[in-house]
Amino acid sequence: MPEGQIIRAVSGFYYVRTEEGDIQCRARGVFKKKKWTPLVGDWVEFESTGPGEGVVTHLHPRKTELLRPPMANVSQAVVVASLENPAFQQELVDRFLVHAEEEGLRVLICLTKWDLVKDDEEVARIQRIYESVGYSVLTTSIRTGEGIEKLKEELSGRLSVLAGQSGVGKSSLLNAIHPGFQLQTGEVSRKLGRGRHTTRHVEILDLPSGGKVADTPGFSQLAFRDMEPADLGTCFPEIRLRLPECRFRGCLHLKEPHCQVRVAVEQGEINRDRYRHYLNFLQEIHEQRRY
């Protein structure tokens, strides 16, 4: 049975890349009955139904799965956030980091539009927040070339997904890495302060370095899916580190006595904004479980 990897999914068609070329496939009815949905990144088997056409018959087990953007078998998440136009949104970055941590992905935070920044200290502050908990932070500019070569190195040899809100410059970054992509880019709305969607679907692109990267539609909301309240803390590295020190097993770091996470916040060892986002996410998870 021939097999390959889904590189694009559009309107019920799955484009499977094989050594012989790309095959346009539909999914068998059994997938709908079992409520299985093939995802970009899935390795699949298919039956040929004609030249360049086929039917997906089997999904291989996934190593990782993301809800938004919907992708399978990603090894690295590149969280793309602009420093200006639109302004940096830490809560949205933290929200995606939780999802990446839940899937055990390697994470790179990529800050774009460095050339628009007027306050270098603010950039340094953002870098300190995330580097202090173990994340790699890369500052880039497509106009000056800042960080582009380093980003190429980080993408080499991996299947990475670029994720972030609309207008942060994901497609522009990819065009800077490899001009041959010629991806459509858009302007940020001055009135709304966010970008217009130019990428309409998830698509895996082959890099000259041998790696693969997925360009994805932007988003402004990212819900938590079936996450238990007690699991949220493990998705914040600075909280995960202190879990064994809390007095009570299953401590949610709210008002429990002898909570070392809260002590670390008070002592400035944990960023207060990160902790506040943790509390917001925890409340959101509790509310979702009520319905």
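Keep in mind that this is a model prediction, so the values were computed, not measured.
No continuous path of hydrophobic side-chain contacts links L105 to L39 [ILVMFWY only; heavy atoms under 4.5 Å]. Under a hydrophobic clustering in which Ile, Leu, Val, Met, Phe, Trp and Tyr are joined whenever their side-chain heavy atoms come within less than 4.5 Å, directly or via other members, V55 and I7 fall into different clusters. When the side chains of ILVMFWY residues are joined at heavy-atom separations under 4.5 Å, either directly or via intervening members, L205 and W43 end up in two distinct hydrophobic clusters.
E284 places a side-chain heavy atom less than 4.5 Å from the side chain of Q288. Side-chain atoms of V78 and L155, non-hydrogen and from C-beta on, do get closer than 4.5 Å to each other.
Within the cation-pi definition used here (under 6.0 Å to the ring centroid, within 45° of the axis), R26 qualifies as a partner of F13.
Shown are K113, E146, Q127; of these, the side-chain hydrogen bond (donor to acceptor under 3.5 Å, both in side chains) with T139 is made only by Q127.
Put simply, the side chain of E65 never gets that close to the backbone of A72: no donor and acceptor are under 3.5 Å apart. Within the 3.5 Å criterion, the main-chain N or O of H253 finds a donor-acceptor partner in the side chain of E256.
For K150 and E154, the salt-bridge test passes: some basic side-chain N is under 4.0 Å from an acidic carboxylate O. The existence of a salt bridge linking R17 and D206 is confirmed by a sub-4.0 Å separation between a basic side-chain nitrogen and an acidic carboxylate oxygen.
Partners of K152 according to the side chain to side chain contact (heavy atoms under 4.5 Å, CB included) rule, which considers only residues two or more places apart in sequence or in another chain, are I148, E149, I177.
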